[in-house]
Every structure is written in structure tokens, then in C-alpha cells.
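Structure first, commentary second.
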Amino acid sequence: MSKKVLIFTYYWPPAGGVAVQRFLKFSKFLPEFGWETIIVTVDNGSYPYYDESLLKEVSPSVKVYRTKTFEPFELYNLLRGQKGKSMPLVSVGANKNKTFFQKLTEYIRANFFVPDARKGWAPYAVKQAEEILKHEKIDAIITTGPPHSAHLIGLKLKEKYGVKWIADFRDPWTGIVYNEMLPRTEATKQKDAALETAVLKTADQVVVISPGMKEQFEDRARKIDVIFNGYDEDNFLPATSTAVAEKEENFTIRYLGNLMASQNATNLWKAIAELKATGAKIKLEFTGRVDAEIQNSIAGEGLNDITAYHPFTDQQTAINLTRSASLLLFAIFNLPNSKLVITGKIFEYLASCSEIISFGPVDGDASVILNTVGRKPMIDFNDYPETLAQLKAAYGYWQQNGHAFKYTDRKFETFSRRNQSAALANLLNQP
């Protein structure tokens with residue numbers, strides 16, 4: 001007989017992007033390992049973007065409870081001169097030339113919403129959980145953040161009911177890279193750190209997505225393990241791919257997702273310009289949000305005529321684009337404390353079997369993964385010779401063979417969503 005796990009996740013379809021994927025996929029595969037999933041999420045949440053196609057991926061067997069929330073984003077956006085309640089992404093590494101009003105609203109966001117501006121969901125989620133606990137035999141609960149205010153739900157339920165609680169961290173909390181760029185007061189920092197420590201010390205089990213995050217938390221957590229993000233094999237079946245054309249007209253470099261100012265691979269744009277000057281048939285394509293500073297860098301190298309910017313697309317189309325790319329761009333934030341960052345993108349890039357040109361800390365967690373599966377090494381943002389060498393090698397193969405190089409080994413399969421779900425089930429089964 002299956003056991004039941006109650007999962008609290010703010011991001012759930014129709015939310016789009018990487019934040020929704022982790023527990024959407026866990027809910028798909030956990031039943032194979034004896035765990036029935038029940039989801040508590042928010043009704044009409046504030047998401048940076050949407051992907052209605054993901055609603056079709058929610059298994060009919062998964063019970064989903066959607067609760068009210070209180071979020072001050074509509075007022076916040078009015079102050080910013082915007083309409084609606086959607087919350088903008090933090091522009092990591094953005095231009096510091098801001099108006100007084102922009103600085104004021106940023107200060108309000110940084111200091112009045114602790115640990116984050118979605119904390120108004122927690123009371124509604126706790127109330128819904130209490131109703132579920134009256135009628136269901138729940139063997140464990142999981143909270144996942146960001147938003148890290150979701151962990152306050154677990155803290156409350158653990159204290160009141162003593163239920164087994166796993167706190168899942170998809171990103172650092174107080175140590176997240178953009179916190180250093182926000183105008184947070186010392187009082188805010190202390191309050192945030194106290195909440196983080198309370199969660200780490202109270203949860204029965206802490207789960208993180210990288211070894212670096214484990215090192216950051218393990219001195220305060222009772223038990224802590226790494227469970228990576230991953231890729232879903234079903235999204236990479238030949239039947240759902242438009243991947244390989246026999247003859248490719250252009251060598252196409254692609255990036256999919258948000259590309260922020262601190263991910264500006266200026267040496268890559270320079271290297272592309274150098275190859276372009278020799279007559280190379282290169283295209284540069286972005287699908288998602290690209291910071292204006294990056295667009296200006298690309299224009300400054302004279303690449304606008306070979307560059308295309310496209311809006312976000314649904315997940316399957318995005319995956320198909322990774323599979324048909326000649327070269328994929330991968331970039332970690334070029335900021336302090338980025339060594340522990342492993343974005344969810346890396347696993348789908350690996351599963352695409354396309355060549356990847358990667359920028360970030362050469363001794364970071366993402367670099368270790370690239371090395372483990374036998375891909376080209378991470379490049380330091382300042383290393384132009386290695387950037388040019390990797391670009392020329394990839395283009396040279398394409399030029400000689402008429403198509404891009406594709407990997408045939410399957411070393412990345414350890415990162416499948418099914419395998420990561422098995423690891424989570426193992427933790428749930430532990431006393």
C-alpha cells in the first residue's frame with residue numbers, strides 16, 4: 001500500500017520555467033516508488049512567466065489543492081508604474097543607474113518582505129494542510145523553496161503535529177547570489193538568518209540541489225542530502241524531437257531561458273565576431289529574456305545581423321531547440337559565491353546531446369558535473385583563448401561534416417528525473 005506525502009510548492013502549472021519542474025516531475029515518478037503525492041499550491045500565483053502546456057503533465061492521480069494568498073505585488077507594481085501582480089525577476093548584475101523611485105521600491109521589497117514577498121501564502125497553506133491532515137493519513141510533508149517562506153509552513157506543521165518534514169532547497173536562502181545586491185538592512189539580514197536557521201534545525205531532513213549548498217547548510221541541519229535536478233526522459237524521445245537535420249545551413253548557437261547581466265559572456269561575442277569576419281556561417285539565437293546590457297554587448301561586436309531574440313516558448317519546444325542546436329550556451333552568474341550554483345538547465349542541455357560552451361567558476365559544482373559526464377570544460381569568463389578555441393573546434397566539426405557534433409554516450413542518465421525521484425523516495429522511507 002502506498003504511503004502519502006503532502007508537498008507544498010508555490011510553483012505549479014500553469015507556472016512556467018525551471019522552478020515548477022522539480023516537483024512536477026517528482027509527483028510523476030514518486031508513485032513508482034510507493035509514494036502517493038498530494039500537492040498544496042497557490043491559486044492564481046504571481047509568476048514571472050506561464051506555460052499552459054505543463055497542465056497536461058499533471059497526473060490525474062495527483063490531488064492538487066489551490067489556496068488563497070495575500071501578496072502585495074499589485075501595490076508594489078503600481079509604485080513601479082506597472083500593472084498587474086506579476087513579480088519581476090531580480091536583475092542580477094543589473095545597471096546601477098536607477099531613479100530614486102526605483103531605489104525606494106527596491107528598498108521596500110528587500111526589507112518589508114522577509115523572507116520574501118510570498119510569505120502571505122503561508123497562513124492559507126497551513127489552514128489547508130490542517131484540513132487535509134484531518135481526513136488523510138499523511139506519512140510525510142515536503143516544503144520547497146524558493147520562495148523560502150514556504151518553509152514557514154513546514155515549521156508550523158512540524159511544531160504543531162510532529163509530522164516528518166523534508167525541507168527542500170532549490171536555491172540558497174540568505175546566501176543567494178542576488179542578496180548582496182539588494183539594499184537590505186542589518187536587522188533584515190539578522191531576521192532572515194534566524195528564520196533560515198530555525199528551518200534547518202527543525203526539519204527532519206534537508207535536501208539541496210548541489211554539494212556546495214550542502215556544505216553551506218550542513219553545520220545547522222539535522223540530516224542533509226543532495227538530490228539533483230534532472231531531465232525527464234519522456235521529453236527526449238525521438239517522437240517528440242525535431243532534432244537533427246542532415247544538412248544544416250548555419251552553425252546555430254542557442255541560449256534558452258533568462259540571461260542576466262552577470263551572465264554576459266563578452267568573450268564569446270568577441271570570438272563569434274572574429275569567426276564572422278572570416279565568413280563563418282553563424283547564427284546566434286536567444287529564447288527567453290535577455291538583459292539589455294547583454295544585447296548592447298552583442299550589438300557592440302557587430303552581431304545584430306546574425307542575432308535573433310525570441311520570447312519564451314513551451315517546455316517541449318524549448319527542449320527540441322536544444323537538441324537541434326549546433327552549440328548551446330551555458331552561463332553561471334559571474335558573481336561571488338557562484339561556485340555552488342547548478343542551474344536546472346544544465347541537465348536538459350546534457351540530455352540534448354548537443355555540444356555546450358560553458359562559462360562560470362572553473363572549480364564550481366556545475367564544472368564538476370560537466371567533467372563527470374565528459375563534456376568540454378567550464379571556461380572562466382575572462383579566458384578568451386579557451387573561448388575562441390572551443391568555438392573554433394565546434395564550428396570546425398560542423399564545417400567539415402555538414403552537421404554539428406552530437407554525443408552518443410549516456411553518462412548523463414544518472415541525472416534522470418526517475419533516478420532523482422528514487423533518491424527522494426529513499427529519504428522518505430527512512431525513519
TODO: Please step through side chain to side chain contact (heavy atoms under 4.5 Å, CB included) for the pair Val40 and Ile153, ending with a clear verdict.
DONE: CA-CA 11 Å; Val40 175; Ile153 302 165; over 6 Å; no
Open item on the list: Can you tell me if Lys156 has over 12 outside heavy atoms packed within less than 6.0 Å of its NZ?
Closed with: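 It does not: Lys156 NZ has 12 such atoms or fewer within range.
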Task: Chi angles and distances behind the side chain to side chain donor-acceptor pair (under 3.5 Å) call for Asp51, Ser53 - done: CA-CA 5 Å; Asp51 185 349; Ser53 72; 2.5 Å; yes
Should [X] and [Y] count as an ion pair when the cut-off is N to O under 4.0 Å?
X      : Y      : value
Asp232 : Lys25  : yes
Asp225 : Lys214 : no
Lys4   : Glu136 : yes
Arg418 : Glu32  : yes

Open item on the list: Assess the residue pair Tyr309 and Glu285 against the criterion (side chain to side chain donor-acceptor pair (under 3.5 Å)); give the C-alpha distance rounded to whole Å, side-chain angles, the decisive distance to 0.1 Å, and a yes or no.
Closed with: CA-CA 6 Å; Tyr309 298 97; Glu285 291 185 1; over 6 Å; no
Is the [X] to [Y] ring centre distance short of 6.0 Å?
X      : Y      : value
Phe236 : Tyr231 : yes
Phe8   : Tyr10  : no
Phe330 : Phe359 : no

With under 30° as parallel and over 60° as perpendicular, where do the rings of [X] and [Y] fit, or are they tilted in between?
X      : Y      : result
Phe26  : Phe23  : perpendicular
Phe286 : Tyr255 : tilted
Phe169 : His148 : tilted

Per-pair distances, 0.1 Å, donor-acceptor, side chain in residues 123-133, under 3.5 Å, sequence neighbours excluded:
from, atom 1, to, atom 2, distance (Å)
Glu130, OE2, Lys160, NZ, 2.8
Glu130, OE2, Tyr161, OH, 3.2
Glu131, OE2, Lys134, NZ, 3.2

Open item on the list: Cation-pi check for Tyr384 against Lys270: NZ or CZ below 6.0 Å from the six-membered ring centre and within 45 degrees of the axis, yes or no?
Closed with: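 Yes - Lys270 lies over the ring of Tyr384, closer than 6.0 Å to its centre and within 45° of its axis.
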